[in-house]
Amino acid sequence: MNAVKPANYAKVKAQELQNKLYLAAKGNPHRRFHALYDKIYREDVLWEAWRRVKGNRGSGGIDGVTIDLIIKENGEQRLVEEIREQLIKGTYHPLPARRKEIPKPDGKLRPLGIPIVRDRIVQMATKMVLEPIFETDFKDCSYGFRPKRDAKGAIRHIRRAVKKGVYWVVDVDITGYFDNIPHEKLMKLMEQRICDKRILKLIRKWLKAGFVKDNQFHETETGSPQGGVISPLLANIYLNYLDTIWEKKFTELGTLVRYADDLVILCKTKEQASEGINVLKAVFGKLELQMNTSKSKLINLWGDKEGFDFLGMHHRKISKQIKGRNIHLLRSYPSKKAMKKMRQKVKEITEPRSRLSWSMNQIVKVLNPRIQGWKNYYAFDSFADKFLDKIDWYIRKRLTLFWNKKHQRRNKHSQSSLVGTLAQLSGLKKLAA
């Protein structure tokens, strides 16, 4: 392999390939692609894949090799060359993912599969080749893990639909979606677009690679574990079956909006919502998935009776006086779960005794990116300001506790105004306008 090309060169060349694949797929919706494997081990694709994996950071897999270690040992060139050689010779085999379990707000654990860095690079290269093809098939109702689409787009879609007269919402939760995708049915859906056997073999290898937990290997008979680079694309390919069926036959029942495995159906009448639930159950039955009946809900939006949580926001129709008329508008603001999570993050930053040696500037420097990230997402609706103001108040409270503990004052809640001034002088950002 030649010496590493400038990062921008690889990026541009890889994007050119993606554009060609997208146009080819869009030009012929029934085309099945048979010569893709050699695109994965192209130098520009592999180097761009490495750049993206490096940018995502993440911890190491079961081999203990981390991004930082590869960079420190100047191993980038060697790693990419080895991957390319293995792909060309057909000797590439993925290792099991490292299982990590993340606590959820309800006390349960969310399983994540963390592949080794080498496998993440190959998955990224494969995703770069496959994604533009399947993007042409994906529907407008889908927003999760797609180029130029995000959660805010999904929320805007909901607000547009509600403006047209939506009074009932079906809020759907799929039981353990990522862990329960049937491999054979997923592969059949992939084969509708891909007939390159080497690509399909790669996908099967990742699906069957298994995972290691507590030094014990576990096989994977179903599912595409969260954490893998390729998993979100595979998850979207599988649920695109639902999107397609709904678009073809059931749009008169309501508007479907989906972000990965989170979805809602926005209906005008209760009868339409009830029929929508029956349709979902039937489609889930074909996909061998289950609706989580304990978490799925039928919500009445009329008259501020109920609201629903979706993508970290609570959505509710709230009355407002406009020119003497009482009008109900959909307002979106941070959910209780999101508020609790943000408070917890602030507490984790300000509470440790080891940080009492930090200056106010140091604490503020760590807090600010989280505050700005939250503001970028939740300052979506002016109605959210009063909820953002509550978090601002909590941040000042935690900084007051930190400052008084640092200076060993008995009254841990004193001098709040002084602390607020010091934090402001240190550049503390605010959430509320």
Side-chain angles (χ1 to χ4, degrees), residues 25 29 110-113 123 126-127 130-151 153-155 157-158 161 169-194 200 203-204 206-207 220-251 253-267 276-293 295-297 308-311:
R110 183 190 306 280
L112 293 180
Q123 287 191 19
T126 306
K127 175 178 177 285
L130 296 183
E131 188 171 63
I133 296 169
F134 285 100
E135 266 296 311
T136 63
D137 298 332
F138 291 162
K139 306 304 178 185
D140 286 341
C141 65
S142 169
Y143 288 87
F145 307 111
R146 293 182 59 191
K148 300 179 182 178
R149 288 181 161 246
D150 57 18
I155 293 167
H157 195 147
I158 288 171
V169 178
V170 181
D171 181 11
V172 180
D173 183 86
I174 302 174
T175 303
Y177 174 61
F178 281 86
D179 291 330
N180 289 297
I181 299 174
H183 292 169
E184 291 308 313
K185 287 191 175 181
L186 171 61
M187 295 308 298
K188 284 182 180 178
L189 290 171
M190 293 205 66
E191 288 166 11
Q192 290 179 359
R193 273 300 202 173
I194 310 299
L200 297 172
I203 301 295
R204 284 186 184 277
W206 288 321
L207 293 174
T220 44
E221 297 300 326
T222 60
S224 177
Q226 287 175 279
V229 175
I230 198 77
S231 293
L233 175 61
L234 300 182
N236 271 334
I237 290 170
Y238 200 63
L239 275 183
N240 187 56
Y241 176 83
L242 165 65
D243 302 343
T244 304
I245 292 290
W246 192 271
E247 186 179 274
K248 283 183 178 179
K249 298 183 178 180
F250 301 108
T251 51
L253 294 180
T255 300
L256 169 67
V257 180
R258 183 173 69 80
Y259 188 96
D261 59 328
D262 291 326
L263 60 102
V264 292
I265 298 175
L266 309 152
C267 307
I277 292 172
N278 292 332
V279 170
L280 285 179
K281 286 180 177 178
V283 175
F284 288 164
K286 287 187 177 181
L287 292 173
E288 296 182 41
L289 300 172
Q290 285 190 329
M291 186 186 295
N292 187 336
T293 53
K295 291 186 177 180
S296 301
K297 299 174 185 176
F308 64 99
D309 289 352
F310 189 66
L311 301 178

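Since the model is a prediction, treat every value here as computed from it, not as a measurement.
A distance-only check finds a donor-acceptor pair linking the side chain of Asn236 to the backbone of Gly144 [under 3.5 Å]. Under the 3.5 Å distance criterion, the side-chain polar atoms of Lys185 are matched with a main-chain donor or acceptor of Lys286.
Leu239 and Ala260 get closest at one heavy-atom pair: CD1-O, 3.5 Å. Minimum heavy-atom separation, Arg149 to Asp140: NH1-O, 3.0 Å. The two atoms that bring Asn180 and Leu289 nearest to each other are O-CD2, 4.0 Å, heavy atoms only.
Evaluation of the salt bridge (charged side-chain N to carboxylate O under 4.0 Å, His left out) rule for Asp137 yields Arg193 as partners, not counting sequence neighbours.
Ion pairing between Arg110 and Asp179 fails under the 4.0 Å rule for side-chain N and carboxylate O.
In this structure the side chain of Leu263 never reaches within 4.5 angstrom of the side chain of Trp246, judged on heavy atoms. Put simply, the side chain of Val283 reaches to within 4.5 Å of the side chain of Tyr241, judged on heavy atoms. In this structure, Pro182 and Glu184 have side chains that are not in contact, with every pair of non-hydrogen atoms separated by 4.5 Å or more.
Atom-to-atom distance recorded for Tyr259:OH and Leu311:CG is 7.0 Å, nearest 0.5 angstrom. Remark: Leu242 CG to Leu280 CG distance equals 6.0 Å, nearest 0.5 Å.
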